[in-house]
Number of protein chains: 2
Amino acid sequence: MNLRQQELKNRIDAFGHIEIADEAQFFAVSEMTIRRDIVLLEKNGLAVQVKGGAIPKAKICESMSSSPAKNAIAAAMLQLFEQMPEVKTLMLSAGGTTLAFARLLAQRSLPLTVLTNSIPIASALFQTRCKVILTGGELRANSMDLVGPAAEKYLADYHVDLLFTGCDGADSQEGFYTSDLNLASYEKLSVKISDRVFILTESAKFRSKSMVRFAELDEIDTLVTDSGLKAIDREMLSRQNIRIITAKSQ
Amino acid sequence: MNLRQQELKNRIDAFGHIEIADEAQFFAVSEMTIRRDIVLLEKNGLAVQVKGGAIPKAKICESMSSSPAKNAIAAAMLQLFEQMPEVKTLMLSAGGTTLAFARLLAQRSLPLTVLTNSIPIASALFQTRCKVILTGGELRANSMDLVGPAAEKYLADYHVDLLFTGCDGADSQEGFYTSDLNLASYEKLSVKISDRVFILTESAKFRSKSMVRFAELDEIDTLVTDSGLKAIDREMLSRQNIRIITAKSQ
DNA sequence: CCTCGCTATGTTAAAAAATAACATATTTTA
DNA sequence: TAAAATATGTTATTTTTTAACATAGCGAGG
């Protein structure tokens, strides 16, 4: 990336948005050149091209995209949740499905207290009636979550009515897994401080145990998943008194 | 906002972006109608119009805009900072100028440990070589900062080489002020756990004390400001052994 | 029950912006 | 230094956006 492009990015960040015509004049080059610069910045994920110019690229924060499957699960969870008006405090662990749920929650703007270790979730609930408490901790390298001993120390002082969490792998006899060691330790503690635990996960996560188990079956209250869950898994989980909610695909 | 517009917003959030042609077909209305819906969403700050469609609006997170004055101060600070290679840990308090500094720091991507209570700052330093530690705490209503007893408890365990902070008001005899009571309490503690304190602030903040003092003059090491600082203030501060760095306006 | 005024939507023409293709200049590299 | 690669400018074409006007639906008041 050349100097002009570097500086253009700075200007986009500084001003919040730039216009192609202005920048062409500022740098004394043709509009086409600025256009090409913007396309390059967009390729590198440093800016977003809008009508007459460009704006800064939002990092994962708000822009983490969800899938129809995740939305369906989140919607089913919300429906269930609305039948629990007594719940006042909940905890949302970092994850795509829990983020989808947080976005739905933001639309309702209920007066809840939400504890989370996910910046995207905190961001989604920003400026709603929810009181948002973010655990402290170290920012993970690839997702905007907070983990580490500090986050856990923080958690130890809390108690919540409900925990909503996803998983990276699941097994109908063994329990629920995550692929990150730090995260697993954090999740284990989350389960401990919560009265009831809801797992929100796509059925595809079943039959693939990943690295570390963070919850055994008897710690789980409800599983919310899509219609792809195999009958045998359904049977096994029910036998362990786990309630299964199946989201109807959209 | 009607049902279609509400649902359109959901779809924008869910998919990360939508195309006008697709949505016109999906809702069985003309493209013009979708266009009008998008400009309405944009007016309400719920989405951003891009070339062939729309994307979700990033909340304050990344998009907090900076001014040339703030950038100039941040640039001066960076220059100073680069002459201190021995510094390994620093703390950045929430604020516009400190955010501008964090953005410059992100470009250098130095192997530092940064402690902050600001989500925008954490976000700016995400995926750089900086190790970012976010204090826990309650999300403030109007800016993406973390404050409250939890944040302070968190802070109490730390020690850093340098603190960078802004202020809402300053006085060359009395010290530095902020307008928020919770924030002041947090800032006081920040000053305590830092070896050296740098104040980054526009000269316009002088001669207007705001509500609560968080630092007295003898606690401050260096003031970085623009060329608008009055000679009398400059004199006063120097007499208290405060080093003054003047950013050249851009 | 009608008509006025309001709003939402659709249609079309004009304007603006983005793209693609090619020409020219500039830098790299062998 | 010449050839190749890269960067920039110019123009024509296509796409997207805007603006202006037409139409349809709907409720309030007569």
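Letters go in sequence order (proteins before strands), and every chain restarts at 1. Computed from a prediction, not measured in an experiment: that's the story for all the values here.
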Revision key, fill the gap. Met1(A) CE to dT6(D) C1', in whole Å, measures 17 Å

Practice item. Under the salt bridge (Lys or Arg N to Asp or Glu O under 4.0 Å) rule, collect the residues that match up with Arg108(B), sequence neighbours excluded. Key: Glu82(B)

Would you list the protein and nucleotides 8-14 of chain D atom pairs, both N or O, that sit under 3.5 Å from each other?
residue: dT8(D); atom: OP1; partner: Arg4(A); partner atom: NH1; Å: 2.8
residue: dT8(D); atom: OP1; partner: Arg4(A); partner atom: NH2; Å: 3.3
residue: dT8(D); atom: OP2; partner: Arg4(A); partner atom: NH2; Å: 2.9
residue: dG9(D); atom: OP2; partner: Ser30(A); partner atom: N; Å: 2.8
residue: dG9(D); atom: OP2; partner: Ser30(A); partner atom: OG; Å: 2.9
residue: dG9(D); atom: OP2; partner: Thr33(A); partner atom: OG1; Å: 2.5
residue: dG9(D); atom: N7; partner: Arg36(A); partner atom: NH2; Å: 2.5
residue: dG9(D); atom: O6; partner: Arg36(A); partner atom: NH1; Å: 3.4
residue: dG9(D); atom: O6; partner: Arg36(A); partner atom: NH2; Å: 3.4

Exercise for review: Measure from CD on Gln49(A) to C1' on dT19(C) and round the result to the nearest Å.
Suggested key: 10 Å

Listed pairs under 3.5 Å, donor-acceptor, residues 14-25 of chain A side chains, sequence neighbours left out:
residue: Glu23(A); atom: OE1; partner: Arg11(A); partner atom: NE; Å: 2.7
residue: Glu23(A); atom: OE1; partner: Arg11(A); partner atom: NH2; Å: 3.4
residue: Glu23(A); atom: OE2; partner: Arg11(A); partner atom: NH2; Å: 3.3

Point to revise | Residues that Asp226(B) engages under salt bridge (Lys or Arg N to Asp or Glu O under 4.0 Å), provided they are two or more places apart | key: none

**Study point:** Partner set under ring pair (Phe, Tyr, Trp, His ring centres under 6.0 Å) for Phe27(A), not counting sequence neighbours
**Key:** none

Point to revise | Distance, rounded to the nearest Å, where Glu19(A) contributes CD and dA16(C) contributes C1' | key: 12 Å

Please tabulate, for side-chain N and O atoms in residues 83-90 of chain A, each donor-acceptor pair with protein atoms closer than 3.5 Å (sequence neighbours left out).
residue: Lys88(A); atom: NZ; partner: Pro85(A); partner atom: O; Å: 3.4
residue: Thr89(A); atom: OG1; partner: Asp161(A); partner atom: N; Å: 3.1
residue: Thr89(A); atom: OG1; partner: Asp161(A); partner atom: OD2; Å: 3.4

Point to revise | Contacts of type ring pair (Phe, Tyr, Trp, His ring centres under 6.0 Å), residue Phe206(A), not counting sequence neighbours | key: none

Study note, to complete from the structure: For Arg36(A), the salt bridge (Lys or Arg N to Asp or Glu O under 4.0 Å) test, sequence neighbours excluded, returns none

Review point. Rounded to the Å, how far apart are Ile38(B) CD1 and dT16(D) P?
Key: 13 Å

Check your understanding: Hey, does Val39(A) reach any base, or is it just sugar-phosphate, or nothing, if we go heavy atoms under 4.0 Å?
Key -> nothing

Point to revise | Interatomic distance, Leu3(B) CG vs dT7(C) C1' [rounded to whole Å] | key: 17 Å

Check your understanding: Do the rings of Phe81(A) and Phe164(A) sit parallel, tilted or perpendicular, given the 30° and 60° boundaries?
Key -> perpendicular

Practice item. Produce a footprint string for nucleotides 23-29 of chain C: one letter per nucleotide, 5' end first; B if the base is under 4.0 Å from any protein heavy atom, S if only the sugar-phosphate is, - if neither. Key: -------

